[in-house]
There are 2 protein chains.
Amino acid sequence: MSFFSRELKAKCGLGEAEHDHGECHGHSGMIGWKWSVKEKLAARTALNLALDRELAAVIHEAKERAERIKEASDLWEMETWLIDQREGIARTFDFRYSVLARVFATLLRERRVSLIDLRGLAQEKLDTIERLSRT
Amino acid sequence: MSFFSRELKAKCGLGEAEHDHGECHGHSGMIGWKWSVKEKLAARTALNLALDRELAAVIHEAKERAERIKEASDLWEMETWLIDQREGIARTFDFRYSVLARVFATLLRERRVSLIDLRGLAQEKLDTIERLSRT
């Protein structure tokens with residue numbers, strides 16, 4: 001578990017258990033990566049930024065959906081949608097260093113982070129993240 | 001299962017499985033009640049009315065809650081609240097004739113139906129419902 005997991009969980013509004021995916025994801029090449037203090041800070045900043053954007057978008061859409069509620073089925077659709085959003089965020093924002101390259105690759109592919117957001121990471125990491133984002 | 005279960009489920013926006021509580025609730029005294037066509041219609045009308053009020057109140061509160069959302073934790077509180085509302089409605093609006101006296105007693109106790117709403121039921125049923133509402 002990374003040093004900023006508790007902070008991100010708090011930002012997410014998620015419980016302690018939400019991000020505990022276990023330790024084995026098969027990205028053994030990345031588990032061995034060394035993270036300098038500067039890189040850890042850059043990674044934390046980028047992930048915080050993406051999470052802030054994600055949460056702001058979900059809050060905005062929740063308000064719009066609520067405005068459109070007319071009947072009971074709309075209520076339960078909103079319930080299901082909120083569950084999906086929470087589970088999606090918990091799944092996407094997996095901030096263990098061992099899987100962070102895959103996390104950033106997914107966010108990059110979905111244009112939720114940019115390479116500019118990731119400045120501060122070593123070129124080797126950026127190259128791997130960019131390559132993974134195309135797979 | 002009562003003859004209007006499907007209709008009420010549709011109104012509720014709930015799936016087929018939501019109201020299937022099984023058949024044994026221990027209210028054997030009420031299982032034996034006879035329901036005339038007029039009483040069935042009165043029960044349906046009263047239950048529909050209470051459900052309409054309940055759903056309108058939940059929709060109103062959902063919109064107010066959404067307006068107050070400021071951060072992620074508010075989103076997940078709304079998710080939990082919606083789950084509670086759906087489960088509460090599914091639990092309360094159990095429209096099998098065998099448990100309907102208890103259902104109306106609960107609604108009467110919580111002022112979600114009035115004795116006026118229940119006009120059309122036989123006096124024996126009204127007396128039982130009123131007595132149960134005080135227990």
Side-chain angles (χ1 to χ4, degrees), chain A residues 4-20 44 47-95 103 107 112, chain B residues 4-20 44 47-95 103 107 112:
Chain A
F4 55 89
S5 62
R6 189 179 297 272
E7 178 189 330
L8 265 181
K9 281 176 187 174
K11 178 189 282 283
C12 235
L14 297 170
E16 277 297 306
E18 300 275 359
H19 277 297
D20 293 342
R44 166 157 60 171
L47 212 54
N48 268 323
L49 189 67
L51 185 58
D52 279 343
R53 286 182 193 134
E54 183 78 10
L55 291 172
V58 174
I59 288 171
H60 182 75
E61 188 169 346
K63 288 173 183 284
E64 283 193 342
R65 281 176 174 262
E67 276 182 24
R68 294 197 301 269
I69 291 174
K70 287 191 178 139
E71 53 193 47
S73 60
D74 300 330
L75 281 172
W76 319 137
E77 273 174 31
M78 179 150 187
E79 175 202 341
T80 305
W81 178 79
L82 281 168
I83 291 169
D84 288 346
Q85 296 307 306
R86 182 179 46 73
E87 290 180 351
I89 287 171
R91 206 167 37 241
T92 301
F93 290 86
D94 184 352
F95 33 81
V103 170
L107 293 172
R112 294 192 275 174
Chain B
F4 55 89
S5 63
R6 189 180 296 271
E7 179 188 330
L8 266 181
K9 280 177 188 173
K11 179 190 281 280
C12 236
L14 296 172
E16 276 298 305
E18 301 275 359
H19 277 297
D20 294 342
R44 170 160 55 172
L47 213 54
N48 268 323
L49 190 66
L51 186 57
D52 279 343
R53 288 182 192 134
E54 183 78 11
L55 291 172
V58 174
I59 288 171
H60 182 76
E61 188 170 345
K63 288 173 184 282
E64 283 194 341
R65 280 177 176 261
E67 275 182 25
R68 294 199 300 270
I69 291 174
K70 287 190 177 139
E71 53 194 47
S73 60
D74 301 330
L75 282 170
W76 319 136
E77 274 175 32
M78 180 151 187
E79 174 202 342
T80 306
W81 178 80
L82 281 167
I83 291 169
D84 289 345
Q85 296 307 304
R86 182 179 45 74
E87 290 179 350
I89 287 171
R91 206 166 38 240
T92 300
F93 290 86
D94 183 353
F95 32 80
V103 169
L107 293 172
R112 294 192 275 173

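Throughout, a chain's letter reflects where its sequence line sits, starting with A, and its residues are numbered from 1.
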Closest heavy-atom contact between I59(A) and A72(B)? CD1-N, 4.1 Å
Nearest heavy-atom neighbours spanning A62(B) and A66(A):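 So the minimum-distance heavy-atom pair works out to O-CB, 4.4 Å.
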Any pair with a residue in residues 67-81 of chain B that passes salt bridge (charged side-chain N to carboxylate O under 4.0 Å, His left out), sequence neighbours left out, goes on the list, sorted by first then second residue, please.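 Those involving residues 67-81 of chain B are R86(A)-E79(B).
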Just how far is it from atom OG1 of T80(A) to atom CG of L82(B), taken to the nearest 0.5 Å? 9.5 Å
Please list, chain by chain and in numerical order, all residues satisfying side-chain hydrogen bond (donor to acceptor under 3.5 Å, both in side chains) with E61(A), sequence neighbours excluded.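 Counting only residues at least two positions away or on another chain, E61(A) forms a side-chain hydrogen bond (donor to acceptor under 3.5 Å, both in side chains) with R65(A).
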If you define the side chain from C-beta out and look only at heavy atoms, does anything of L75(B) sit under 4.5 Å from Q85(A)?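 Side-chain contact under 4.5 Å: no.
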